[in-house]
Amino acid sequence: MSPTVEGSAHTSAPSAAVLAAYSYCEAVTGSQARNFAYGIRLLPSDKRQAMSALYAFSRRVDDIGDGTLAPEAKFARLEETRALLGRIRAEEIDEDDTDPVAVALAHAARRFPIPLGGLDELIDGVLMDVRGETYETWDDLKAYCRCVAGAIGRLSLGVFGTVHTGGLGAPDAARAGEYADTLGLALQLTNILRDVREDAANGRTYLPAEDLAKFGCSDGFGSDRMPAGADFAGLVHHEVRRARALFVEGYRLLPMLDRRSGACVAAMAGIYRRLLDRIEREPEAVLRGRVSLPPHEKAYVAVRGLSGLDARTISRQSTRRRS
């Protein structure tokens, strides 16, 4: 029997106004999402549109947090955005609304079972940034990461759905949301390692204070050189090991997705895993500037994801663990 996908799209053709709104979101995604766009290009049009709408809304929230407004103005803008999300949830957005992101996300939420509460969590996480919160332990940082990245994983799963074959769920399918959340944590921790210098310039430190103290890095990352006695490489390798464990757990999501959704996730996660490899090989590089992959390497990872190789490998590993 052919696989079926739980949570697949409703079959209603978008109007011209909705298609224009989706096109706007796809343009935002293509121009601003350096890594994300490589994955969603592998999706069929309805899922690609929905993911672009999610990205465009999320980008709006992030841009408020990262912008130059005073904190009080940021708080107000974020609450306005939360109110807009409430209107989307209540289906109060008309197709001729002047906000294309709201139009696209409202349509996507009717098409797919997207848990829009995840975007409330994202707003909560960005409010933590605006308040300048710091994190004493990994558990503290993990709570933040679940808001700004784990929630995105769960939102994306609402678009992807999970594969069912012959009436039986994919292995551990009930845990798909947990795996999507964990993969989001892996991506976010990789981001944090990549951006330590940039974040420091903006007055932010995300890595747990207890880890910074353990490796003599409590003074922060305001320079491309660490003070004498600081074991920056040790700190990075410690966090890399943590991120790798999260990737291993989160990758168990792949066999639960249809081929193209799995390819999307494998491409995005694969890009970040390779980025993590680079950071591990040369930790000090993140103090000199943003570490990134060249376009040809990102394209290779996307093709590898489309081949299904990563999903098949994870599926075999999961089968061996259960046997």
Side-chain angles (χ1 to χ4, degrees), residues 5 7-64 66 81 84-85 87-89 91 93-123 126 148-149 151-161 180 183-184 187 191 257-272 295 298-299 301-302 305-306:
V5 179
S8 55
H10 300 299
T11 55
S12 57
S15 67
V18 170
L19 287 174
Y22 277 134
S23 293
Y24 173 84
C25 293
E26 289 187 272
V28 169
T29 303
S31 64
Q32 300 189 43
R34 293 186 181 96
N35 298 324
F36 188 75
Y38 276 86
I40 69 168
R41 288 173 186 164
L42 306 178
L43 294 169
S45 61
D46 56 347
K47 292 185 178 183
R48 184 174 66 249
Q49 290 166 344
M51 290 296 290
S52 294
L54 280 172
Y55 176 84
F57 190 95
S58 301
R59 182 73 189 202
R60 178 178 296 181
V61 175
D62 286 341
D63 284 347
I64 295 170
D66 292 337
T81 307
L84 175 61
L85 180 59
R87 290 181 57 215
I88 293 171
R89 188 183 287 111
E91 300 187 7
I93 302 295
D94 296 326
E95 291 188 356
D96 60 355
D97 193 282
T98 57
D99 186 338
V101 176
V103 172
L105 184 57
H107 187 271
R110 290 192 295 271
R111 249 182 177 179
F112 297 96
I114 299 173
L116 292 175
L119 291 170
D120 278 305
E121 293 180 56
L122 174 62
I123 293 170
V126 173
V148 298
I152 302 301
R154 286 177 267 118
L155 286 158
S156 301
L157 188 61
V159 175
F160 297 147
L183 196 54
L187 301 183
N191 266 340
L257 305 176
D258 67 74
R259 177 173 175 266
R260 291 176 71 175
S261 296
C264 172
V265 173
M268 289 188 287
I271 287 169
Y272 276 87
K298 293 180 182 180
V301 175
L306 193 58

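For reference, positions follow the sequence shown, starting with 1.
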Among residues at least two apart in sequence or on other chains, which ones pass side chain to side chain donor-acceptor pair (under 3.5 Å) with [X]?
| X | value |
| --- | --- |
| R48 | E26 |
| S45 | none |
| R154 | E121, D181 |
| D66 | R204 |

Open item on the list: For D99, give me all partners under salt bridge (charged side-chain N to carboxylate O under 4.0 Å, His left out), at least two apart in sequence or on another chain.
Closed with: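 D99: salt bridge (charged side-chain N to carboxylate O under 4.0 Å, His left out) contacts with R60.
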
Note, [X] side chain near [Y] side chain (heavy atom, < 4.5 Å):
| X | Y | answer |
| --- | --- | --- |
| L119 | L105 | yes |
| L54 | I152 | no |
| C25 | Q49 | no |
| I64 | T81 | yes |
| D46 | V159 | no |
| M268 | Y38 | no |
| D120 | R89 | yes |
| V18 | R111 | no |

Task: Expected output: side-chain K47 to main-chain F160 donor-acceptor under 3.5 Å - done: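 At least one qualifying donor-acceptor pair exists.
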
To check you understand the geometry: which heavy-atom pair defines the closest contact between [X] and [Y], and what is its length?
| X | Y | answer |
| --- | --- | --- |
| L155 | P115 | CD2-O, 3.0 Å |
| I88 | A106 | CG2-CA, 3.8 Å |
| G161 | L257 | O-CD2, 3.3 Å |
| A37 | G30 | CB-CA, 4.5 Å |
| A109 | L116 | CB-CD1, 4.0 Å |
| S52 | I40 | OG-CD1, 3.5 Å |

- [ ] Assign the ring pair H107 / Y22 to parallel, tilted or perpendicular, where the plane angle (0 to 90°) is split at 30° and 60°.
- [x]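 Judged by the thresholds at 30° and 60°, the geometry between H107 and Y22 is perpendicular.
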
- [ ] To the nearest 0.5 angstrom, please state how far the CG atom of L42 sits from the CE atom of M51.
- [x]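 Going from CG on L42 over to CE on M51, the span is 11.5 Å.
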
Open item on the list: Measuring from atom CD1 of I114 to atom CG of L157, what distance do you get when rounded to the nearest 0.5 angstrom?
Closed with: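 Spacing of CD1 (I114) from CG (L157) equals 11.0 Å.
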
- [ ] Applying ring pair (Phe, Tyr, Trp, His ring centres under 6.0 Å), name anything that partners F57, two or more places apart in sequence or on another chain.
- [x]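 Residues passing ring pair (Phe, Tyr, Trp, His ring centres under 6.0 Å) with F57: none at all.
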
